[in-house]
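Residue numbers start from 1 in every chain, and the chains themselves are labelled A, B, ... in the order their sequence lines are given, proteins ahead of strands.
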Amino acid sequence: MKFKPISPRVDIQALEREQLEFWRSAQVFKRTLEGREGAPRYVFYEGPPTANGKPGIHHVMARAFKDIFPRYHVMQGKYVLRKGGWDTHGLPVEIEVEKELGIEHKHQIEAYGIAEFNRRCRESVLRYLEDWEALTERMGFWVSLEDAYITFKNEYIESIWWILKQFWQKGLLYQDYKVVPYCARCGTPLSSHEVSDAYEEVDDPSIYVRFALRDEPNTAFLVWTTTPWTLPGNVALAVGREVDYVLIETEAQYAKGQTERLILAKALLSQVMRKQDYTVLREMKGAELLGARYVPLFTFLPVNQDYAYVVDGSHFVSTEEGTGIVHIAPAFGADDMEVAKANHLPTLMTVNAEGKFIDAVSDWADMWVKDADPLITRQLKERHILFRSERYHHAYPFCWRCKTPLLYYARETWYIRTTAYRDELVALNQTINWVPEHIRDGRFGMWLANNRDWALGRNRYWGTPLPIWKCDNPESNEIVCVGSLAELSEYVGRDLSDLDLHRPYVDEITWASKDGLGTMRRVPELIDVWFDSGAMPYAQWGYPHRNQQLFEDQFPADYICEAIDQTRGWFYSLHAISTLLMNSVSYKNVICLGHILDGEGKKMSKSRGNVVDPWTIMNREGADAARWYMYTSAPPGDSRRFSAKLVQEVISGFYLTLWNTYSFFVTYANIDDFDPSAPRLPVAEREELDRWIIAELNALIKRVTHAYETYDVTGCTRPIADFVDDLSNWYLRRSRRRFWQSQWDASKRAAYETLYECLVSVAKLLAPAMPFLSEAIYRNLVVPFDAEAPDSVHLTRWLSADESLIDEKLLAEMRLVKRLVSLGHAARNSAELRVRQPLSEAAFAVRTADEAAALRKFEATIAEELNVKAVRLLDEASASGMISYSLNPLPQKLGKRLGAQFPAVQKLLREGAPAQVTAWAKQLLAGEPLSVSVNGSTIELSAEEVEVRRTAAEGFTVAEENGYVAALQTTLTDALIKEGLAREVVRRINLMRRDADYALNDTIEVSYAATPRLAEALSLHSSYICDETLAERFEAVEQPAGDKVETFTFDGETITLGVKRIAKGQ
RNA sequence: GGGUCAGUAGCUCAGCUGGUUAGAGCACUCGGCUGAUAACCGAGAGGUCACACGUUCGAGUCGUGUCUGACCCA
């Protein structure tokens, strides 16, 4: 039986399509689950994308990282269910539909009809589903798409309702005000995303006003604001606890000749007072001001709670601008609202939903608040409250639709009291393995530590309705939270199984309240779409109404992975819901991906036109190379550049190297009928080089396995590339002759077996990362020869390292050999002696006795690599004049012991007179300690503390690096020259073989006519030439003839060669 | 404005708890090889480790500050 022949040229597209077809027809993904029902679980959660746009290259990245660990754990024998999912609700979907319909304002949606609008949303959200599914399959991301969860399905929504009811019963759901960026004209709040793009530079009023102290006459807090219209909503002033404040006395502004007293931040004194004279009466910390009462500026609204005093605003009070004292209007600022809640202050709603003052604010009733600014300022001036009024140039957010300035405006909405579980959120987070690690205590940990209640409500149309029904009679306080469709059916007394759980249909469900006062109606809100995705551990199974066992089996996740912007999105919503609901984490390991940039390191965006279409990559470079690039180019959390060119580098740098090795193996294995099912030679009986690559292989398995267990993606992949490089460019290059040799002996057999084992192992180690290439290699090398073997590499068991084969000494020795060979090449290079020309001797200096032993052990290898007749050690006796010495006091050993004296010792040893240094070096080499005197004191240095290094003396054909030296004997004897000539001719004949298209194992005969010196060399080496060229005969003739005749001139000699095929290889 | 992360060769990245003269790959130049060949091997050149100050016998590594970039939050 033979291996399927492999062309040295790889057609990546054909290869990948072939594997896809195989996976499809053999149902390989499905079979990763079959028969493993009792196996340990490995749980992956798919963070659901929204399929209302085409997938981009960043989705390929995320899916590549999602795919790699489940594949690994399948190979570890686990049962790995991977349910796909789609996120379908939310504002982005609505906005798409609004665009299609040409809708600009929210009320137009209601006019259009919610039912029809939502129907269009439902239709639009899965518009690109096919693109997503096609790309998912093409890139080899294994996830169950046919039973993917969809967040708009009734079963999904029911689960969410159940969760909300649990929260409701625990008293975690409540209604309160939240300050949002709000467009009064459109009557809608804007999402933060919409706001951040909409800042413009404007001039706003900038006024300083006095808040008179209640208990201290003629004294006032000086306060700065750019929104005078918020002053009627004032309930408090905030100071920084640690900020320094001053009480000053200055000339009264409105009463000539009198004085007034003002309080403001010390740091802002000169900025505020400018040229005005003042006297500082007292200094104090903000903490001393807390609780101080003042006289409210306005009393339009009757307020029955205590207010108008100084509170702590340490985390937002700045001394960069203003006065260091901030006015608090809870309805019109997020900080304000928070401070108000913390201090139980009232929220004064002085402005209506149109952005106009309410009637109670009688002076400016029904006036657009921004128009009221100058009027308010004028009144304050008349009342002698205004200290100064000017303009202030700054960035302010505007509505991106209608260009109206946004107001920060409190709206009543629903919250989840996550703050009640802050400690649990923080503690559970500590048990999660975050990659990169800093997210745990950084971005995510800090977010949790500063947790605020989750603002759940949304005043929109396409989303999960909040399942709360209230009696419409204000007298009644009847209110219920509904946890399922069955429960709702019970309330209304009929079967609602067919009800669509979206607006407007749920809104139509009403019933008479139990207290008989009115009708139970649903509150208008939907819930935050992040709650949808955060509920997926439960809702993907319809838990608890369905699949209870399945849920328990699949909770929590071992692994999730998304981009870093999900810290406050999905990562948070998953964590918050599971903490509140189950007091558990919902994921144990999480990779946060950095963002993807273009080839120049710029952000990819449609407007820049630098977006990479994933399909062009899939159709050219292919999935494996793209995946490999994602895994290896940067640590997962870093942002990374991406371009077709960078992926092509993966192909030439890694993919083709592996492919060439594979193709080499298949080519020769077929020639020799290598049978991988035959019993193998024990590793211990193979050659040194075989044992070395096997040691490297087992070290690799150990390393990569550890990396998979610790979610270290670069560790899973980069070492494989290093190994493949060793395999191709050292092991195989050094072993080629063993594959070419004609007789089948233990050496040849060991070479095949070793290379085979390495290739098959690499295929397995590579399988989770490069599922296509690894499958192709495995299916050719293993499946036809082993009836027991699974038909897919993805169904095989992960390798475990055989520690006994990791010969550390051998690994170190080979590292040294490579280094010395490299040095020898450098020496050749500087002498301009090509490798084809044999030299008589290479001599090396090394740093330790162990290294000297290694040199002796591998002298044949080194001799062959360097094409020299002999390799020896440059010992002290033979090296005189060729090398000199230098001394290197080892900092790691001496630094601590000598402390401040170390630099002087270092200087002395490094820069001492050559004769002295040589004497010291010999002393140390003999193992004797050294006594040196530095700054009048004598210091003993042991032989272990100072390294003796050999350095090349000038004028020799030598190379040196870090104490290693290679020296070449460059005298060419006649014999060496003749051998060089013979090699030259071998090379020409082999060129001709190739040009004549002979098979690798065809035998030939060669005739030649050469100049006398060359002819002499050739007859001397004719048997060598025959061996190297598979020639049966090599004869001098008058007139060379054959299939091909050519004449060459080199080194002053001329030869005419004729080659003729005499037998085909088998 | 606050926070997190990053800044090492032209490019992509290593560099462990501080310790020898900061490493690799790609690209470039030169040379070699030509029975893996749209490969391969060797060498060369290329770095004030973003900048400044500090701690230390010793800093790419630790601290403080600054600059630049990405992201998050306001």
Side-chain angles (χ1 to χ4, degrees), chain A residues 8-10 192 195-196 315-316 318 320-321 334-335 436 438-439 441-447 450 563-569 592 594-595 597 599-603 629 632-635 637-641 645-646 649-654 656-657 659-665 667-668 714 718 721-722 725 728-730 732-733 736-737 739-740 821-830 832-836 865 888-906 910 947 949 959 961-963 986-991 993-994 998-1001 1028-1030:
Chain A
R9 291 187 188 185
V10 58
S192 55
V195 174
S196 58
H315 65 280
F316 60 86
S318 124
E320 297 286 308
E321 55 187 4
D335 288 331
H438 62 79
I439 307 280
D441 296 317
R443 188 174 286 203
F444 196 66
M446 288 182 189
W447 167 247
N450 299 314
I564 192 159
D565 46 271
Q566 295 296 328
T567 14
R568 285 158 201 210
C592 278
H595 285 106
L597 310 170
E600 264 72 59
K602 299 249 166 56
K603 194 175 161 178
Y629 177 75
T632 54
S633 61
D638 289 8
S639 53
R640 76 205 57 217
R641 297 176 181 209
K645 187 172 158 276
L646 292 166
E649 283 174 13
V650 167
I651 296 178
S652 59
F654 173 61
L656 286 180
T657 309
W659 185 264
N660 281 326
T661 309
Y662 166 55
S663 136
F664 176 97
F665 170 81
T667 306
Y668 285 94
T714 50
R718 285 176 177 172
D722 294 341
D725 188 60
S728 168
N729 295 326
W730 189 255
L732 186 51
R733 196 164 56 74
R736 273 187 288 195
R737 288 180 172 271
F739 295 93
W740 299 337
V821 165
S822 166
L823 265 184
H825 280 299
R828 279 197 99 102
N829 225 31
S830 64
E832 299 186 319
L833 291 163
R834 65 185 171 213
V835 183
R836 239 184 344 249
E865 274 291 310
N888 177 32
L890 295 168
Q892 212 159 8
K893 291 184 174 157
L894 282 169
K896 247 185 207 129
R897 178 158 83 81
L898 299 183
Q901 279 182 312
F902 181 66
V905 171
Q906 199 170 29
R910 278 194 185 160
E947 183 187 42
R949 293 182 160 203
E961 182 194 38
N962 289 333
V986 165
R987 182 189 151 216
R988 312 284 162 161
I989 296 171
N990 280 331
L991 263 179
R993 283 186 64 112
R994 199 182 56 176
Y998 296 165
L1000 297 180
N1001 49 355
E1028 293 293 311
T1029 59
L1030 284 187

Would you say the side chain of [Y] lies within less than 4.5 Å of the side chain of [X], judging by non-hydrogen atoms?
X	Y	value
Tyr662(A)	Val10(A)	no
Phe665(A)	Leu732(A)	no
Ile564(A)	Ile439(A)	yes

| Does the ring centre of Phe444(A) sit less than 6.0 Å away from the ring centre of Trp447(A)? | no
Nearest-Å distance, [atom1] ([X]) to [atom2] ([N])?
X	N	atom1	atom2	answer
Glu1028(A)	rU34(B)	CD	C1'	13 Å
Arg718(A)	rA14(B)	CZ	C1'	7 Å
Leu823(A)	rC41(B)	CG	C1'	15 Å
Tyr662(A)	rA39(B)	OH	P	20 Å
Asn660(A)	rC40(B)	CG	P	8 Å
Gln892(A)	rU56(B)	CD	P	21 Å
Asp725(A)	rG42(B)	CG	P	9 Å

Just call it for [X]: base, sugar-phosphate, or nothing, with non-hydrogen atoms closer than 4.0 Å on any strand.
X	result
Ser633(A)	sugar-phosphate
Gly895(A)	base
Asn990(A)	base
Thr714(A)	nothing
Thr661(A)	base
Pro635(A)	sugar-phosphate
Arg9(A)	base
Leu732(A)	base
Ala634(A)	sugar-phosphate

Give none if [N] has no partner; otherwise give the nucleotide forming a Watson-Crick or G-U wobble pair with it, both distances under 3.5 Å.
N	answer
rC57(B)	rG19(B)
rA14(B)	none
rC33(B)	none
rU64(B)	rA52(B)
rA27(B)	none
rG1(B)	rC73(B)

| said: Under 3.5 Å, is there any donor-acceptor pair linking the side chain of Ser728(A) to the base of rA36(B)? | reply: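 Answer yes: a donor N or O sits under 3.5 Å from an acceptor.
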Nearest to the side chain of [X], heavy atoms from C-beta on, is which of [options]?
X	options	value
Arg443(A)	rG35(B), rA36(B), rG3(B)	rG3(B)
His438(A)	rC41(B), rG19(B), rU4(B)	rU4(B)
Leu1030(A)	rC13(B), rA38(B), rG35(B)	rG35(B)
Thr1029(A)	rG35(B), rC57(B), rC5(B)	rG35(B)
Arg568(A)	rA36(B), rC57(B), rC73(B)	rC73(B)

In whole Å, measure the gap between the [atom1] atoms of [N] and [M] for me.
N	M	atom1	value
rU64(B)	rG2(B)	P	16 Å
rG25(B)	rU34(B)	C1'	24 Å
rC49(B)	rC13(B)	C1'	14 Å
rG54(B)	rU61(B)	C1'	15 Å

Report yes if at least one side-chain N or O of [X] is closer than 4.0 Å to OP1 or OP2 of [N]; otherwise report no.
X	N	answer
Arg736(A)	rA36(B)	yes
Asn729(A)	rC41(B)	yes
Ser822(A)	rA43(B)	yes
Arg987(A)	rU34(B)	yes

| query | Just by distance, do the side chain of Asn660(A) and the backbone of Leu656(A) share a donor-acceptor pair under 3.5 Å? | reply | yes
| query | Hey, is Glu865(A) close enough to Arg733(A) for a salt bridge, meaning N to O under 4.0 Å? | reply | yes
| task | Could you tell me whether Glu1028(A) and Arg987(A) have a side-chain N and a carboxylate O separated by less than 4.0 Å? | result |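 No, no charged N to carboxylate O under 4.0 Å.
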